[in-house]
Amino acid sequence: MSAHSRRAAALVLSSIVLAGSAGTAAVHAALPDEPAPAVAAHSAPAEPARFGATCRTVIERSKVVSYCHNPYPEADLVQLHTECARWWDLDGDATPVEVGPAETVRLTGRCWKEVGGAWVTHERAPDHPSPPVRRGRTP
């Protein structure tokens with residue numbers, strides 16, 4: 001195929017595409033009773049949740065240490081999960097620890113041999129009722 005034939009074929013193809021899109025626009029303009037196509041509303045991105053301690057986890061041979069700091073005003077329950085590399089070594093889930101506002105906690109875990117992986121999960125801390133106030137003398 002010569003260069004002239006390729007240019008002619010490209011011109012014919014582009015005119016077909018343009019005619020098709022113009023015909024679609026003409027059909028939409030000719031039908032006034034048809035509802036207008038929905039336009040996607042642009043909304044602002046949702047504000048990120050202001051919750052959750054930031055944790056830094058270090059694995060060294062058979063030991064895991066994680067430091068979690070909570071910069072937010074709501075308490076966070078953090079829990080360290082340790083997965084051991086050996087099939088016979090027991091994986092461990094630490095007790096959840098509450099990290100209050102502006103607090104830092106240290107979580108530790110270990111395996112008998114190598115650590116395969118470790119991660120920290122977060123959960124909103126339940127609201128604690130205020131402790132009872134004692135008045136008068138205690139017996």
Side-chain angles (χ1 to χ4, degrees):
M1 186 178 236
S2 70
H4 181 48
S5 299
R6 274 187 250 140
R7 273 190 233 122
L11 181 63
V12 169
L13 182 61
S14 58
S15 60
I16 291 172
V17 170
L18 287 174
S21 62
T24 306
V27 169
H28 281 294
L31 301 172
D33 296 336
E34 183 180 312
V39 177
H42 296 298
S43 61
E47 184 177 317
R50 296 187 162 265
F51 168 77
T54 302
C55 298
R56 183 175 48 102
T57 304
V58 177
I59 299 173
E60 200 171 284
R61 289 190 289 285
S62 64
K63 296 180 183 178
V64 178
V65 177
S66 185
Y67 292 94
C68 296
H69 175 73
N70 183 8
Y72 300 115
E74 192 174 338
D76 184 8
L77 282 177
V78 293
Q79 184 177 15
L80 177 65
H81 305 276
T82 306
E83 185 175 295
C84 300
R86 308 289 177 135
W87 65 269
W88 46 263
D89 207 347
L90 296 176
D91 298 342
D93 296 325
T95 304
V97 176
E98 184 173 326
V99 186
E103 287 184 344
T104 301
V105 296
R106 181 177 185 248
L107 307 170
T108 60
R110 67 169 294 140
C111 295
W112 283 102
K113 288 283 189 176
E114 302 87 17
V115 174
W119 63 95
V120 177
T121 56
H122 304 265
E123 187 177 323
R124 292 189 187 274
D127 292 333
H128 298 292
S130 57
V133 178
R134 293 187 181 183
R135 301 195 188 274
R137 294 190 301 181
T138 57

Asker: Are V99 and L77 connected, step by step, through hydrophobic side chains (Ile, Leu, Val, Met, Phe, Trp, Tyr) whose heavy atoms are closer than 4.5 Å?
Answerer: no

Asker: Check whether any side-chain heavy atom of Q79 sits under 4.5 Å from a side-chain heavy atom of T95, and report yes or no.
Answerer: no

Asker: At their closest point, which heavy atom of P101 faces which heavy atom of P73, and how far apart are they?
Answerer: CG-O, 3.2 Å

Asker: Nearest 0.5 angstrom please: T54 OG1 to N70 CG, how far?
Answerer: 8.0 Å

Asker: Indicate yes or no: at least one non-hydrogen side-chain atom of V120 is less than 4.5 angstrom from one of T57.
Answerer: yes

Asker: Scan the side chains in residues 103-114 for donor-acceptor partners under 3.5 Å anywhere in the protein, sequence neighbours excluded, and list what turns up.
Answerer:
residue: E103; atom: OE1; partner: G100; partner atom: N; Å: 2.8
residue: T104; atom: OG1; partner: H69; partner atom: ND1; Å: 2.9
residue: R106; atom: NE; partner: Y67; partner atom: OH; Å: 3.2
residue: E114; atom: OE1; partner: R86; partner atom: NE; Å: 2.7
residue: E114; atom: OE1; partner: R86; partner atom: NH2; Å: 3.1
residue: E114; atom: OE2; partner: R86; partner atom: NH2; Å: 3.1

Asker: Return each pair, listed once, that meets salt bridge (charged side-chain N to carboxylate O under 4.0 Å, His left out) where at least one residue sits in residues 73-83; pairs must be two or more places apart or across chains.
Answerer: E74-R124

Asker: Pick out which of D89, V64, D91 makes a side chain to side chain contact (heavy atoms under 4.5 Å, CB included) with V115.
Answerer: V64

Asker: Looking at residues at least two apart in the chain, or sitting in another chain, which of them share a ring pair (Phe, Tyr, Trp, His ring centres under 6.0 Å) with H122?
Answerer: none

Asker: Give a yes or no on whether Y72 and V97 share a hydrophobic cluster (residues Ile, Leu, Val, Met, Phe, Trp, Tyr; joining criterion: side-chain heavy atoms under 4.5 Å apart).
Answerer: no

